[in-house]
Engineer: 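Just passing along the structure, written as structure tokens.
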2 protein chains.
Amino acid sequence: MEEPMYIRIHNQIKRDIEKHVYKVGDRIPAERQLAVKFGVSRMTLRQAIKTLEDEGILERRLGSGTYVASQKVQEKMSGIMSFTEITEANGQTPSSKLITYQIGKPSLSEKERLGIKPDDEVLRMERIRFADDTPICHEVVTIPYKLVENISKDDISTHLYETLEKNGYQIGRVTEHISAAVCNENDARLLKAKKGEALITRRQVTELSDGKPFEYTRARYVAERFEFTFSK
Amino acid sequence: MEEPMYIRIHNQIKRDIEKHVYKVGDRIPAERQLAVKFGVSRMTLRQAIKTLEDEGILERRLGSGTYVASQKVQEKMSGIMSFTEITEANGQTPSSKLITYQIGKPSLSEKERLGIKPDDEVLRMERIRFADDTPICHEVVTIPYKLVENISKDDISTHLYETLEKNGYQIGRVTEHISAAVCNENDARLLKAKKGEALITRRQVTELSDGKPFEYTRARYVAERFEFTFSK
DNA sequence: CAGTGGTCTAGACCACAAA
DNA sequence: TTGTGGTCTAGACCACTGA
């Protein structure tokens with residue numbers, strides 16, 4: 001007996017929903033019936049249902065029944081979606097191009113946001129992100145250099161979060177600020193946009209689980225080509 | 001017997017943790033002991049522990065025991081913050097002024113977003129939101145009229161959500177899209193802003209728990225005076 | 001009213017952790 | 001080995017929903 005029964009029942013019901021044996025909005029059989037069908041006690045069956053409810057796949061209504069919750073895809077995207085997620089959700093292919101990668105002294109705002117000393121060096125990366133070869137976003141990422149001095153440029157620029165976690169760091173709170181700005185000449189050149197059109201601006205500070213900031217990102221998106229989506 | 005036992009036990013243990021009877025990192029008594037102490041079966045006791053675990057207050061370690069988890073404060077502010085929350089967090093006073101309130105035919109986009117028929121009438125409200133008397137945001141809210149035809153104008157314009165819930169409706173999923181735009185003459189007049197400067201745009205569709213959209217909002221914020229904040 | 005989910009019991013055996 | 005949490009049973013009574 002590898003897996004517990006309630007996990008196996010969970011998986012079976014999930015598969016049934018994916019195969020449209022139970023469709024969105026359908027009422028699934030009552031707990032007592034399912035318990036008989038799977039040959040388990042009602043408590044065990046309820047444990048399976050509970051995990052599906054926690055995942056937002058099922059919805060229980062007292063006195064009425066247990067129903068397949070609406071949507072399925074959207075469930076995951078509670079909270080802000082990343083550039084990659086939004087682009088892929090639109091059926092486009094995300095890509096990015098690193099345009100600068102340098103180590104140097106922090107600016108005033110970098111020093112403040114990252115909570116570091118003026119002497120501490122920072123790694124600064126600049127990137128353009130594309131959806132199907134259309135430039136969408138210009139992004140500057142700053143990291144205290146001593147946190148990543150033993151990590152390769154390739155790992156930093158492509159799998160920063162995974163690499164940090166492999167090296168024993170734990171990602172904590174992420175705070176984002178979103179506003180807007182007008183496209184200047186530099187933006188226009190980098191993003192192939194028109195001066196004077198609207199951009200979305202985003203600032204993000206990512207902390208480690210001990211509360212120390214480790215990444216400060218500023219990004220500017222062409223509003224004509226992009227929007228952020230949230231759900232709750 | 002008002003509350004279920006497992007809820008009462010949940011609350012009791014939570015209070016004990018708040019009173020430092022059990023401190024962060026402490027192991028609390030074993031399930032079987034607590035079950036005896038509270039005079040319930042072990043399954044019921046486990047249900048109480050489970051809810052505390054889901055809240056991140058307790059942490060169970062197989063074969064070892066159940067421990068008081070670290071953190072506590074961070075819980076609340078996950079996700080997008082509302083205008084009122086952001087303004088108050090900045091130490092300013094939010095207010096709003098209703099500038100139009102009319103019943104009429106839906107526009108094409110209103111019809112689509114709200115999933116209604118062309119003949120169905122809609123209630124459309126237009127509002128300016130202020131922080132300390134500075135105009136921040138221009139907002140248009142559209143609601144299928146038949147949902148609110150028995151509700152007073154005052155309730156609709158000031159306590160829409162609460163009033164709906166009192167009338168037996170249940171709020172469901174909320175989806176928001178955020179992008180940017182350039183301030184036009186109308187925006188400039190309403191928001192006392194300059195034509196050509198940057199605005200944040202927000203579209204929001206709020207559904208009832210049955211998945212039917214009941215509110216479609218479009219809002220434009222002066223970027224110089226406002227930003228959205230998220231945390232996770 | 002009958003059927004549903006919500007709660008609860010008093011046991012049981014298991015796998016895992018720590019001594 | 002002892003104690004822990006993880007799983008599971010075969011019942012029970014309750015409150016709620018909907019016909």
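Being a predicted model, the structure only gives us computed values, none of them experimental. Naming convention: chains lettered A, B, ... in sequence-line order (proteins, then strands); numbering from 1 in each chain.
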Engineer: Measure the distance from NZ on A:K50 to P on D:dC8 and round it to the nearest whole Å.
Structural biologist: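 Between P of D:dC8 and NZ of A:K50: 16 Å.
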
Engineer: Rounded to the nearest Å, what distance is computed from the CG atom of residue A:L58 to the P atom of nucleotide C:dG6?
Structural biologist: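 From A:L58 CG to C:dG6 P: 12 Å.
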
Engineer: Given the structure, check if the side chain of B:R42 and the base of D:dG6 hold any donor-acceptor pair shorter than 3.5 Å.
Structural biologist: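 It does, because a donor-acceptor pair links the side chain of B:R42 to the base of D:dG6 below 3.5 Å.
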
Engineer: Rounded to whole Å, how long is the line connecting atom CD of B:Q47 with atom C1' of D:dT7?
Structural biologist: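 Those two atoms, CD and C1', are 15 Å apart.
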
Engineer: Name the residue closer to the 5' end of DNA chain D, choosing between A:I7 and A:Y67 according to the nucleotide with the nearest heavy atom.
Structural biologist: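 Checking each residue's closest nucleotide, the 5'-ward one belongs to A:I7.
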
Engineer: If the cut-off is 4.0 Å, is B:S64 near the phosphate of C:dA17, judged by side-chain N/O to OP1 or OP2?
Structural biologist: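 Answer is no, no contact under 4.0 Å.
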
Engineer: For A:L45 and C:dT7, what is the distance between atoms CG and C1' respectively, to the nearest whole Å?
Structural biologist: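 A:L45 atom CG is separated from C:dT7 atom C1' by 16 Å.
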
Engineer: Return yes if a side-chain donor-acceptor contact under 3.5 Å exists between B:T100 and B:E126, otherwise no.
Structural biologist: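 B:E126 and B:T100 do have a side-chain donor-acceptor pair below 3.5 Å.
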
Engineer: Quick one: label B:E53 by what it contacts on the DNA or RNA (base, sugar-phosphate, nothing), any heavy atom closer than 4.0 Å.
Structural biologist: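 Nothing, no nucleic acid heavy atom in range.
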
Engineer: Looking at A:T44, I'd like to know whether one of its side-chain N or O atoms comes within less than 4.0 Å of OP1 or OP2 on D:dT9.
Structural biologist: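 So the side-chain polar atoms of A:T44 do come within 4.0 Å of the phosphate oxygens OP1 or OP2 of D:dT9, strictly under.
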
Engineer: Using atom CD1 of B:I28 as one end and atom C1' of D:dG5 as the other, report the distance to the nearest whole Å.
Structural biologist: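 In whole Å, D:dG5 C1' lies 11 Å from B:I28 CD1.
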
Engineer: Between atom NE2 in B:H10 and atom P in C:dC8, what is the gap in whole Å?
Structural biologist: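 Rounded to the whole Å, the gap is 14 Å.
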
Engineer: With nearest nucleotide decided by heavy atoms, which residue, A:G63 or A:R60, maps closer to the 5′ end of DNA chain C?
Structural biologist: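 On the 5' side of the pair lies A:G63.
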
Engineer: By nearest heavy atom, map A:M43 and B:L62 onto DNA chain D; which one lands nearer the 5' end?
Structural biologist: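 Between the two, 5'-proximity favours B:L62.
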
Engineer: Return yes if some donor-acceptor pair links the side-chain N/O of A:S179 with the main-chain N/O of B:F226 below 3.5 Å, else return no.
Structural biologist: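 Flag set: sc A:S179 to bb B:F226 pair under 3.5 Å.
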
Engineer: Examine the side chains of B:E215 and B:T206 and answer whether a donor and an acceptor come within less than 3.5 Å of each other.
Structural biologist: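 There is such a pair between these side chains.
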
Engineer: With a non-hydrogen cut-off below 4.0 angstrom, is A:R46 in contact with a base, only sugar-phosphate, or nothing?
Structural biologist: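 Base contact - A:R46 has a heavy atom under 4.0 Å of at least one base atom.
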
Engineer: Could you state the atom-to-atom distance from CD of A:Q33 to P of C:dG3 in whole Å?
Structural biologist: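 In whole Å, C:dG3 P and A:Q33 CD are 10 Å from each other.
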
Engineer: Return the value, rounded to whole Å, for the distance between atom CD of A:E31 and atom P of C:dG6.
Structural biologist: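 In whole Å, C:dG6 P and A:E31 CD are 6 Å from each other.
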
Engineer: So if I take every side-chain heavy atom of A:Y6 and compare against C:dC8, C:dT4, D:dT7, which nucleotide ends up nearest?
Structural biologist: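 From the listed options, D:dT7 comes nearest.
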
Engineer: Does a distance-only test, which skips hydrogens and angles, find a donor-acceptor pair under 3.5 Å between the side chain of A:R32 and the base of C:dG5?
Structural biologist: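 Looking at the base of C:dG5, it does pair with a donor or acceptor on the side chain of A:R32 (distance under 3.5 Å).
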
Engineer: Please confirm whether the ring centroid of A:Y221 lies under 6.0 Å from the ring centroid of A:F228.
Structural biologist: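 Judged by ring-centre distance (under 6.0 Å), A:Y221 and A:F228 do meet the cut-off.
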
Engineer: Check B:R218 with B:E110, please: is the shortest side-chain N to carboxylate O separation under 4.0 Å?
Structural biologist: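 B:R218 and B:E110: salt-bridged.
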
Engineer: Does A:T66 put a side-chain nitrogen or oxygen below 4.0 Å from OP1 or OP2 of C:dG5?
Structural biologist: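 For A:T66, the contact criterion (side-chain N or O under 4.0 Å from OP1 or OP2 of C:dG5) is met.
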
